[in-house]
Amino acid sequence: MTYVDTSDISAKMFITVLLLLLIIAPLISLGVLRLFQSRKKSGFMLISSGIAVYAVFQIVMSFTHS
């Protein structure tokens, strides 16, 4: 049995992946599902909110990193 060494992962990378898996990906996935259900307004709102969360996260990380 081998173990994966996770000590090289930075906190920024960990938070990015966590945010992607818990917030951004489900919003976009639900948005696509709503589009297939012909609920276009709800679908586009979910997709745009996922993109907005990603943009806000990038802005916050650019301020905290510099």
Acceptor/donor pairs from residues 22-48 side chains to any protein atom, 3.5 angstrom cut, sequence neighbours excluded:
from, atom 1, to, atom 2, distance (Å)
Ser29, OG, Ala25, O, 2.9
Ser48, OG, Phe44, O, 2.8
Ser48, OG, Met45, O, 3.0

Review item, side-chain donor-acceptor pairs of residues 52-59, under 3.5 Å, at least two apart:
from, atom 1, to, atom 2, distance (Å)
Tyr54, OH, Gln58, NE2, 3.4

How would you list all residue pairs meeting side chain to side chain donor-acceptor pair (under 3.5 Å) that involve residues 17-27, not counting sequence neighbours?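 Matches after skipping sequence neighbours: none remain.
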
